[in-house]
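What you see below is based on every heavy atom in this structure, not just the backbone, and it leaves out hydrogens, waters and symmetry mates. Numbers here are sequence positions counted from 1. Being a predicted model, the structure only gives us computed values, none of them experimental.
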Amino acid sequence: MLQTTILSRGLAIALCALASAGAMGTTFATEAQPASDTTPIALHAGDQATLMSANAPVRVNVVLKMHHPDELAQVAEQVRTHARSPLTDHDLATRYLPNHADAMRVYNYLHANGFSDIHVSKDNLIVTASGTAVDVQAAFKTRLYSLHRGKQAGIANADAVSIPSSLSDVIAAVHGLRSFQERGVSGAKMAATAQGKVTWKGQGAPGTQSTAGVVACRECVHAPTDFPSLYGANNLAPANNQVVAVIGVGDQSNTNYLYQTWASHYGFGFIPLDVIYPTGYTPGDYEAQTEAALDVDAVATMTGGLQQIALYSAPSTNLDDELTAVTAAINDDRSTISLSFAATCDSDIGQDLRNSWDQELSAAVAKGITVFAITQDDGGYPGCSNNESSTGFPGSSPYVVSVGASTLYNTVDSYTTYDHETLWTSSESGPAATEGRPNYQNAVANIVGNMRSTPDFVMDGDPNSGLWIVTGGYDSSGTYQTEWAVYGGTSLAAPLLAGTYARLLQSGVAPNFWQQSFYDIGVGQVNQTSGDCLTCYHLLTGGSNGAYSVVPGQFNQASGWGSWNAGALATGMALQH
């Protein structure tokens, strides 16, 4: 194995020395056609790149082409403007989705080239397979680096990725070969524990009401019983007939126990939690367990009850793996989906991966499914490769509700009464790198410019006004231990919003992708032309993330329309429809 730190032309010498070692594998029966946007990774000064060994494990997600994608985008636009009803699964499959025979052609090709553990998504759009670096070379004619570049680390393709001409009519993209820059990150942030940084109520258990009846703080860590009152959701019935999907990562075998422990403490009725692994997982991979606990607890906090929480867990935080989990939730017709993983820098994501996400998410919109996705937690200048401000991906997609984070303040005399919100300083925001301004943002075009602006909304995410949850882990003796902790981040904001949306659906609002109505309501509130919805949104009063600042009383690129006043919003949405 040859390790090379890239400083000059030494890499080229190293690659020449290894070229013959990478020549093994199946030859193509027909001339290969280069896949779009899959050119070799250009290495930079300071990169550390090692050609992966032949047996190094690799998982790929092969995305198939959808039929009539431009037409489907038009249908999605009609659905979100309420010009037509959402598509049924039969409508979608008949006109737009690849057929199972095409998916099996990809399955058989991967199997013939050494891949195993192959999964085909229900909609035939993604074929997932596990193999090795030599299998990748045989199937797609590229060697792979293990690449470290600054904070980024993972796989990178050393050669152009090629698709055999026999499958060029079927395959749109091959993902999993650029994980060094296409990896999602949890948006969960733990509160500081130094004295004065975290204030809770009274001297009792975490998040219990002070027996003295005195408000000890205004920027408070909150019990779950507070949030529905603070955001007006208690004015709506519990979402007892709804299912909310949460996207997780890794082994979730302890998440049910953590959730039950948390719910029991507050006397909540336990919501059935169904864990689904659409493309498998690694037992013992608990990297994202705290994120899952936060998401599940936040959803339960706002809904007041659900038929079920469906936790779809991906095998890794790679964005293509996360797409398989989102796809599974869409295929199962989950009307509300919460996604708390995102790449910090939208501008660093390749166009092929953007297209794959938008292809699947446009199908979700056409079916009337709403996805809430975070913008991320690194402020206005998160250290992107272009050194510019950036938002997170896929929160920058026009087919999601993009969610940032605020700091929430209660009144001086009540922990459960809303006073105001400011922008949490770490909340990312700003324009998407390649997504043009969607039609629903035309009314604020003078503010957002030509690109899709994020976020659409915020909810509480400042860890110092965050949520008590139960986390867990194994100690040195192998005993599972739990503890209380306070978490925030955009990973709190998105499930709070998704849980609130489930309550709106329960109130009679039809399942739909509501972006157009959301923006119409906001314009009406700001211009005071919508008498039924003058208090639907809490427009933030101030704050900045370094790149964008809140403009009080207006839509702005720091906080969008602010947060929701759920009871008023349910009435406004019903009248809009």
Novice: Drop me the distance from E322's CD to S316's OG, to the nearest 0.5 angstrom.
Specialist: 7.5 Å

Novice: Side chains of L236 and Q506: does their closest heavy-atom pair fall under 4.5 Å?
Specialist: no

Novice: Any side-chain heavy atom of V526 within less than 4.5 Å of one from F555?
Specialist: no

Novice: Is any side-chain heavy atom of E428 less than 4.5 Å from a side-chain heavy atom of N545?
Specialist: no

Novice: L306 and side-chain contact (heavy atoms from CB on, under 4.5 Å): which single residue from N241, V299, L273, V243 fits?
Specialist: V299

Novice: Once side chain to side chain contact (heavy atoms under 4.5 Å, CB included) is applied, do any residues pair with A342, and if so which ones, sequence neighbours excluded?
Specialist: I374, Q376, P394

Novice: Assess whether atom OH of Y480 is packed by more than 12 heavy atoms of other residues, nucleotides or ligands within 6.0 Å.
Specialist: yes

Novice: Side chains of N240 and Q307: donor-acceptor distance under 3.5 Å anywhere?
Specialist: no

Novice: When you compare the side chain of I309 with that of V246, does any pair of heavy atoms fall below 4.5 Å?
Specialist: yes

Novice: Working to the nearest 0.5 angstrom, can you tell me the gap between N556 CG and W561 CH2?
Specialist: 9.5 Å

Novice: Please test D419 against T411 for side-chain hydrogen bond (donor to acceptor under 3.5 Å, both in side chains), starting from the C-alpha separation and ending with a verdict.
Specialist: CA-CA 5 Å; D419 190 84; T411 59; 5.8 Å; no

Novice: For F457 and F518: C-alpha separation, side-chain torsions, deciding distance, then whether ring-ring contact (aromatic ring centres under 6.0 Å, His included) applies.
Specialist: CA-CA 10 Å; F457 297 100; F518 285 150; 5.1 Å; yes

Novice: Taking it one step at a time, do T407 and E219 satisfy side-chain hydrogen bond (donor to acceptor under 3.5 Å, both in side chains)?
Specialist: CA-CA 7 Å; T407 299; E219 182 188 346; 4.9 Å; no

Novice: So do the side chains of Y312 and I337 get within less than 4.5 Å of each other, counting heavy atoms only?
Specialist: no

Novice: Checking D285 now: which residues fulfil salt bridge (charged side-chain N to carboxylate O under 4.0 Å, His left out) with it, not counting sequence neighbours?
Specialist: none

Novice: Pick from W468, F270, F268: which one makes a ring pair (Phe, Tyr, Trp, His ring centres under 6.0 Å) with W262?
Specialist: F268

Novice: Should the pair K122-D332 be classified as a salt bridge under the 4.0 Å nitrogen-to-oxygen rule?
Specialist: yes

Novice: With a 3.5 Å cut-off and no angle check, do the side chains of Q289 and N254 form a donor-acceptor pair?
Specialist: yes

Novice: Quick one: OH on Y487 to CG on L467, what's the gap to the nearest 0.5 Å?
Specialist: 12.0 Å

Novice: Side chains of Y286 and Q252: closer than 4.5 Å at any heavy-atom pair?
Specialist: no

Novice: Does any part of the side chain of F393, heavy atoms only, come nearer than 4.5 Å to the side chain of D348, both counted from C-beta?
Specialist: no

Novice: Under a plain distance cut-off of 3.5 Å, with no hydrogens placed, do T391 and D346 share a side-chain donor-acceptor pair?
Specialist: no

Novice: Please enumerate all residues that pass side chain to side chain contact (heavy atoms under 4.5 Å, CB included) together with D456, with sequence neighbours excluded.
Specialist: V401, S402, Y440, Q441, R452, Q515, Y519

Novice: Let me confirm one number: the CD1-CG distance from I247 to D321, rounded to the nearest 0.5 Å.
Specialist: 12.5 Å

Novice: Does R437 form a side chain to side chain contact (heavy atoms under 4.5 Å, CB included) with M451? I'd like the steps, not just the answer.
Specialist: CA-CA 4 Å; R437 185 185 71 241; M451 308 307 288; 5.9 Å; no

Novice: Can you tell me if T301 and H222 form a side-chain donor-acceptor pair at under 3.5 Å?
Specialist: no

Novice: Are more than 12 heavy atoms, taken from residues, nucleotides or ligands other than N527, located less than 6.0 Å from that residue's CG atom?
Specialist: yes

Novice: Does one side chain, of S406 or D460, offer a donor that lies under 3.5 Å from an acceptor on the other?
Specialist: no

Novice: Just checking, is any N or O donor in the side chain of S465 or Y409 under 3.5 Å from an acceptor N or O on the other one?
Specialist: no

Novice: So T375 and S427, do their side chains get closer than 4.5 Å, heavy atoms only?
Specialist: yes

Novice: Going from OG on S507 to CG on N235, what distance comes out if it is rounded to the nearest 0.5 angstrom?
Specialist: 11.5 Å

Novice: Take Y501 and T370 through the test side-chain hydrogen bond (donor to acceptor under 3.5 Å, both in side chains) and record every step on the way to the result.
Specialist: CA-CA 9 Å; Y501 182 67; T370 304; 3.2 Å; yes

Novice: Would you say Q528 has more than 12 foreign heavy atoms packed within less than 6.0 Å of its CD?
Specialist: no

Novice: If you measure from CD on Q242 to CG on L504, what distance do you get to the nearest 0.5 Å?
Specialist: 10.0 Å

